[in-house]
Amino acid sequence: MTDNTQRPDSGHDSTPELPTQYTPAEVEGELYERWVERGYFEADAKSDKPPYTVVIPPPNVTGSLHLGHAFEHTLIDALTRRKRMQGFETLWQPGMDHAGIATQNVVERELAKEGKSRHDLGREAFVERVWQWKGESGGQISGQMRRLGDGVAWSRERFTMDEGLSQAVQTIFKRLYDDELIYRAERIINWCPRCLTAISDIEVNYQDDDGELVSIRYGEGDSSIVVATTRAETMLGDTAVAVHPDDERYRHLVGTEIELPLTGRRIPVVADAHVDPEFGTGAVKVTPAHDPNDFEIGQRHDLPAIAVMDEHAVITVHGPFLGLDRMEARSAIVAALRAEGRIVAEKRPYVHSVGHCSRCNTTIEPRLSMQWWVKVAPLAKAAGDAVRDGRVAIHPQEMEKRYFDWVDNLHDWCISRQLWWGHRIPVWYGPAGEVVCVGPDEQPPSGEGWHQDTDVLDTWFSSGLWPFSTLGWPEQTESLAKFYPNSVLVTGYDILFFWVARMMMFGLYAMDGTPPFHTIALHGMVRDQFGKKMSKSFGNAVNPLDWMDKYGSDALRFTLARGANPGVDVPIGEDWVQGSRNFANKLWNATRFALMNGATVQGPLPAPERMSATDRWILSRLNTVVAEVDAYYDDYQFAKLSDALFHFAWDEVFDWYVELSKTTFQAGGEAAEVSKRVLGEVVDVTLRLLHPVIPFVTETLWTALTGRESVVIAEWPQDSAFRDAAAEAEIAEVQRVVTEVRRFRSDQGLQPGQRVPARLTLAGTLLAPHEDAIRQLLRLQPEGEGFHATATLPVAGAIVALDLSGTIDVAAERKRLTKDLGLAEKEKADTTGKLGNEAFLAKAPEPVVAKIRARLSTAEADIARITAQLGALPEA
RNA sequence: GGGCGUGUAGCUCAGCGGUAGAGCGCCGCCCUUACAAGGCGGAUGUCGGCGGUUCGAAACCGUCCACGCCCA
């Protein structure tokens with residue numbers, strides 16, 4: 001790794017020329033390429049530094065960078081850049097997942113344009129075609145991550161379909177199979193009739209749709225029962241009607257058979273405790289092959305399951321409805337029933353919750369089918385326990401509840417997909433009904449009648465292995481030994497159930513009970529500037545690349561970081577990005593000022609005795625901020641740390657320290673030399689503190705200031721423990737007097753630049769050493785001959801007398817003073833009231849009482865001062 | 001239906017038991033030699049409603065109202 005020492009050619013005899021405005025677009029790309037070339041982001045498994053490992057929840061190979069990625073990556077990049085500066089061997093692992101359904105969809109659409117389907121190509125050629133697509137147009141996000149500045153170890157980039165990761169998949173499948181945690185079973189699954197595959201429960205989105213609720217009379221006369229349904233087409237597959245066992249209305253019918261309309265079939269009436277007697281008529285139709293609840297009722301009562309649709313959700317039952325799509329069939333069947341006089345009631349629209357495919361939004365068709373499953377109970381138990389017993393921490397902690405609710409109530413996970421793109425299930429079937437699961441080092445059985453399962457595995461089956469498969473598992477690699485477990489997983493709370501739970505289950509299982517990460521840091525969703533969800537259809541989605549082009553990557557990153565409160569959604573608007581750009585520009589110009597005035601980082605800091613109170617104040621504050629920022633980082637409080645740095649840099653360093661130092665630099669001499677070193681220190685440390693969040697502008701400025709190689713490999717600042725409360729109090733007085741007099745000047749309508757003769761009486765106050773600076777900041781001239789004070793402002797024990805040449809706006813001044821007097825009197829009344837309350841005096845802690853006493857005496861002093869000033873004003 | 005969460009300045013949000021804050025926006029003055037992507041000054045809130053606990057409540061408890069999210 002490169003040594004971060006002074007470059008020989010970077011003497012400070014000549015000040016580097018910086019333009020007056022910062023143009024990010026000119027430098028960002030070049031800086032990033034330099035960082036990568038120099039290998040700053042690579043991680044060495046042989047290093048003796050302590051490891052810090054983060055995996056990116058692998059983005060989808062079909063995707064491109066959106067604000068959600070930009071947000072998450074900003075947080076991860078900030079964490080890892082700081083750790084790298086702190087001397088950790090830092091690995092941020094990049095890569096993508098193969099996104100089975102999404103990718104297959106993309107390539108099938110391409111084929112469709114050529115008038116072909118995947119079946120025209122055949123499986124092998126199709127998969128070949130997908131690889132070709134991936135090579136040409138997949139993985140755009142990798143390039144876009146460079147734009148953002150992500151410090152990832154590119155040489156380690158992985159893809160879930162890589163050879164090594166596929167080995168990992170086969171290995172864990174075999175182990176789980178041998179442990180009887182993977183099994184094959186026929187159940188009702190979520191079927192997408194467009195994607196033509198099963199999907200898992202969490203890939204189904206429920207939304208309220210307008211449907212119809214139709215009440216149908218089954219049977220005849222006294223033995224008829226009315227059932228209500230939103231899915232009339234499934235009645236063709238009904239094999240029972242169910243009622244609650246305690247329901248008096250139907251007790252006499254339980255055990256009898258009634259006729260199922262349109263079919264001529266007779267079906268039993270069964271009693272099942274799961275039927276809600278309060279809902280509708282209290283009787284439900286039972287279609288075991290097309291509804292998960294009905295399937296269970298069917299199991300309990302040994303009912304046949306009659307499938308009435310094919311994989312496209314087209315009716316397969318012979319008769320007038322054969323070949324109709326499920327929606328067409330619904331209308332046709334309702335019409336036929338109506339013609340028979342069997343429709344008792346119709347409610348339309350009937351709003352109810354309907355499942356949709358999260359990939360294509362097609363309505364899910366529950367379907368009875370043979371699939372592969374993971375038995376999650378023992379795995380989920382372990383995943384829950386790891387958090388319960390504190391081996392894994394969730395930030396913010398409130399999110400633990402959601403995690404437990406989820407892992408403690410997990411259903412078995414359907415992992416087989418009827419796709420061609422993905423990891424093919426390593427199970428072979430033999431001619432005599434043999435089933436053989438094949439491990440990665442084994443030869444699959446061959447010969448007459450043997451064939452491999454045609455399904456592939458859920459993409460999450462492979463991305464769940466990501467925290468260790470990327471490190472070479474199942475091989476016992478150096479990287480695995482060095483970098484597992486990961487330090488932290490940073491991801492959105494919406495992903496808790498997707499990747500997080502799976503990574504936890506697989507990590508604990510595969511790595512002998514070692515969880516995949518110590519900490520799960522959850523962030524919110526990016527929203528627009530009004531807090532609305534971003535969506536293409538709503539038209540408020542933003543392409544982060546546009547904002548990066550316009551304002552720079554740093555501006556986007558800083559805006560996102562400033563909004564990042566743990567687990568809370570972050571709104572973002574262009575105005576705010578602009579504000580962040582302005583901050584970067586301010587930083588730029590402040591550093592320019594420092595360079596123009598000879599700020600230096602050479603040599604040790606002067607001893608405190610040699611420094612002015614101003615120097616000691618800013619160093620005291622600087623160290624306080626270092627400590628604050630560290631605490632916020634350790635608690636994943638990105639908004640807080642960004643805000644602390646923003647305010648320290650702008651409100652304290654730029655607005656006050658830099659302004660105060662101007663007087664020092666003008667005067668020259670020893671004090672100026674000391675301040676040059678202090679200013680250099682303050683800017684240097686501030687840039688290093690900001691670097692993890694805004695890497696580009698800080699790199700440019702820091703290298704210009706220090707002449708060193710790169711801030712990426714600079715040391716993270718440490719709190720030197722230097723504090724100077726006296727200096728802080730002294731500068732607070734300076735700020736107070738300057739602000740007071742500025743306010744007076746503004747009220748009096750004086751132009752900011754207008755020089756005013758003044759007499760300052762500062763003797764005996766903390767302000768005495770600061771007369772020059774105060775005069776400079778307030779544009780006060782020395783009192784010349786014929787000085788005549790027309791306004792006298794007592795503040796902080798000092799007196800500032802101004803000669804406004806006899807003209808002062810008495811009305812404006814009286815108005816202001818009256819307002820201040822009112823505030824002071826209210827303060828006096830409030831505090832007097834509290835101090836007159838014996839219960840308060842008896843029960844409130846002493847520091848609080850002391851504080852109230854201090855406020856009272858301040859208020860009284862203010863009242864005396866202001867009253868005197870008002871008395872001294874000429875009559876209007 | 002079950003669970004979680006949120007209502008604080010025009011907007012977006014911090015604060016979570018001891019003087020109501022920030023960013024952006026707004027008003028006024030200013031191109032003061034680092035910066036107009038800037039400087040200085042200013043205005044703005046019965047902290048959703050009602051009860052309670054407390055010496056003291058934006059904060060804690062109860063309740064109501066209004067939103068939002070997740071799960072079924």
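Naming: A, B, ... by sequence-line order, numbering from 1 per chain. Reckoned from all heavy atoms, side chains included, excluding hydrogens, waters and symmetry mates.
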### Query
How long is the span from the CG atom in A:Leu701 to the OG1 atom in A:Thr706, to the nearest 0.5 Å?
10.5 Å
### Query
Expressed as a whole number of Å, how far does the P atom of B:C69 sit from that of B:U12?
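These two P atoms come out 15 Å apart once rounded.
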Between side-chain atoms of residues 646-659 of chain A and protein atoms elsewhere (two or more places apart, or another chain), which donor-acceptor pairs fall under 3.5 Å?
unit_1, atom_1, unit_2, atom_2, d
A:His647, ND1, A:Asp651, OD2, 2.8
A:Glu652, OE1, A:Arg621, NE, 2.9
A:Glu652, OE2, A:Arg621, NE, 3.2
A:Glu652, OE2, A:Arg621, NH2, 2.7
A:Tyr657, OH, A:Asp615, OD1, 2.6
A:Glu659, OE1, A:Lys662, NZ, 3.2
A:Glu659, OE2, A:Lys662, NZ, 3.2

### Task
Starting from the 5' end of RNA chain B, give me the residue, A:Asn582 or A:Phe654, whose nearest nucleotide shows up first.
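Nearest-nucleotide comparison on RNA chain B picks A:Phe654.
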### Message
Nearest heavy atom decides the nucleotide; on that basis, is A:Gln21 or A:Ser746 closer to the 5' end of RNA chain B?
### Response
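Per heavy-atom nearest nucleotide, the more 5' residue is A:Gln21.
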### Query
Regarding A:Ser675 and A:Ser661, is there a side-chain donor-to-acceptor distance under 3.5 Å anywhere?
no
### Summary
Picking from B:A43, B:A37, B:C35, the nucleotide nearest the side-chain atoms of A:Lys819 would be B:A43
### Task
Please tell me which of the listed nucleotides, B:G38, B:C55, B:C30, lies nearest to the side chain of A:Ala839?
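The nucleotide sitting nearest to the side chain is B:C55.
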### Query
So which nucleotide from B:U32, B:G41, B:A34 ends up closest to the side chain of A:Arg779?
B:U32
### Message
If you define the side chain from C-beta out and look only at heavy atoms, does anything of A:Val27 sit under 4.5 Å from A:Thr23?
### Response
no
#### Entry: Rounded distance (nearest 0.5 Å) linking atom CZ of A:Arg402 with atom CG of A:Asp494
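A:Arg402 CZ to A:Asp494 CG: 8.5 Å, rounded to 0.5 Å.
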### Message
Let me confirm one number: the OH-CG distance from A:Tyr633 to A:Leu641, rounded to the nearest 0.5 Å.
### Response
5.0 Å
### Euclidean distance, atom CG of residue A:Asp575 to atom P of B:G10 [Å, nearest integer]
18 Å
### Query
Where do A:Trp413 and A:Ser200 come nearest, in terms of heavy atoms and distance?
CD1-CB, 4.1 Å
### Summary
Protein heavy-atom contacts under 4.0 Å, written 5' to 3' over nucleotides 15-23 of chain B as B (base), S (sugar-phosphate only) or - (none), form the string S--BB--SS
### Task
Tell me yes or no: between the side chains of A:Asp569 and A:Tyr493, is some donor less than 3.5 Å from an acceptor?
yes
### Task
Using the P atoms only, state how far B:U46 lies from B:C64, rounded to an integer number of Å.
26 Å
### Message
Taking atom CD as the centre, does A:Glu846 end up with more than 12 heavy-atom neighbours from other residues, nucleotides or ligands that are less than 6.0 angstrom away?
### Response
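Atom CD in A:Glu846 is packed in, count exceeds 12.
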#### Entry: Under-4.0 Å salt bridge between A:Lys550 and A:Glu574
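Yes.
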### Query
To the nearest angstrom, how far is A:Glu740 atom CD from B:C40 atom C1'?
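The answer, rounded to whole Å, is 14 Å.
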### Task
Answer with base, sugar-phosphate or nothing: what part of the nucleic acid does A:Glu659 contact at a heavy-atom distance below 4.0 Å?
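Contact class for A:Glu659: base.
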### Message
Around atom NE2 of A:His411, are there more than 12 heavy atoms from other residues, nucleotides or ligands closer than 6.0 Å?
### Response
no
## Note on the structure
Taking B:A34, B:U32, B:C40 as options, the one with an atom nearest any side-chain atom of A:Lys586 is B:A34
### Message
Without decimals, in angstroms, what is the distance between A:Arg592 CZ and B:C35 P?
### Response
6 Å
### Query
In whole Å, what separates the P atom of B:U33 from that of B:G42?
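Roughly 23 Å separates the two P atoms.
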### Query
Can you tell me how far P in B:G48 sits from the matching atom in B:U54, rounded to whole Å?
23 Å
### Query
Whole Å only: how far is the CZ atom of A:Arg743 from the P atom of B:G41?
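Result: 10 Å.
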### Message
Each nucleotide in nucleotides 65-72 of chain B should get exactly one letter: B, S or -. Can you fill that in based on protein heavy atoms under 4.0 Å?
### Response
-----S-B
### Task
Quick one: list whatever passes side chain to side chain contact (heavy atoms under 4.5 Å, CB included) with A:Asp549, sequence neighbours left out.
A:Arg147
### Message
I'd like to know whether the aromatic ring centres of A:His523 and A:Phe71 sit less than 6.0 Å apart in this structure.
### Response
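Distance test on ring centres: under 6.0 Å, yes.
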### Task
Report yes if at least one side-chain N or O of A:Gln529 is closer than 4.0 Å to OP1 or OP2 of B:U12; otherwise report no.
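For A:Gln529, the contact criterion (side-chain N or O under 4.0 Å from OP1 or OP2 of B:U12) is not met.
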#### Entry: Spacing of A:Arg816 atom CZ relative to B:A43 atom P, expressed in whole Å
11 Å
### Task
Could you tell me whether A:Val658 contacts a base, only the sugar-phosphate backbone, or nothing, with contacts defined as non-hydrogen atoms closer than 4.0 Å?
base
### Query
Any side-chain donor-acceptor pair under 3.5 Å between A:Ser553 and A:Glu28?
yes
### Query
What nucleic acid atoms does A:Lys662 come within less than 4.0 Å of, heavy atoms only: base, sugar-phosphate, or nothing?
base
### Query
If the P atom of B:U19 is compared with that of B:A57, how far apart are they to the nearest Å?
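About 12 Å, rounded to a whole number of Å.
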### Task
May I ask you to say what A:Arg581 touches in the nucleic acid, namely base, sugar-phosphate or nothing, with a heavy-atom cut-off under 4.0 Å?
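Counting heavy atoms under 4.0 Å across all strands, the contact made by A:Arg581 includes a base.
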## Note on the structure
Taken to the nearest 0.5 Å, the spacing of A:Tyr206 OH from A:Ser358 OG works out to 11.5 Å
### Query
Rounded to the Å, how far apart are A:Asn589 CG and B:U33 P?
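One finds 13 Å between P of B:U33 and CG of A:Asn589, rounded.
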### Message
If I take atom CD1 in residue A:Ile694 and atom P in nucleotide B:A37, what distance separates them, rounded to the nearest angstrom?
### Response
19 Å
### Query
Looking only at atom P, what distance separates B:A59 and B:G15, rounded to whole Å?
15 Å
### Query
Base, sugar-phosphate, or nothing: which does A:Pro571 touch, judged by heavy atoms less than 4.0 Å apart?
sugar-phosphate
### Task
Mind listing the residues from residues 550-561 of chain A sitting with a heavy atom below 4.0 Å of RNA chain B? Number order is fine.
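Residues of residues 550-561 of chain A that come under 4.0 Å of RNA chain B do not exist, since none gets that close.
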### Task
Have a look at A:Thr591 and say if it touches a base, only the backbone sugar-phosphate, or nothing, with a 4.0 Å heavy-atom cut-off.
nothing
### Query
Do A:Glu740 and A:Arg816 sit within salt-bridge range, that is, some charged N less than 4.0 Å from a carboxylate O?
yes
### Query
B:G21 and B:U8: how far apart are their C1' atoms, nearest whole angstrom?
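One C1' to the other, the span is 10 Å.
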### Spacing of A:Gln776 atom CD relative to B:C40 atom P, expressed in whole Å
14 Å
### Message
For A:Leu660 versus A:Ile731, what's the shortest heavy-atom pair and its separation?
### Response
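Closest approach of A:Leu660 to A:Ile731, heavy atoms only: CD1-CG2, 4.4 Å.
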## Note on the structure
A correct dot-bracket answer for RNA chain B, with pairs being Watson-Crick or G-U at under 3.5 Å, [ ] for crossing pairs and | for inter-strand pairs, is ((((((((.[[[[.)..(..]]]].(((((.......))))).....[[[[[..)....]]]]]))))))).
### Query
When you compare B:G49 with B:G56, how far apart are their C1' atoms, in angstrom units rounded to a whole number?
22 Å
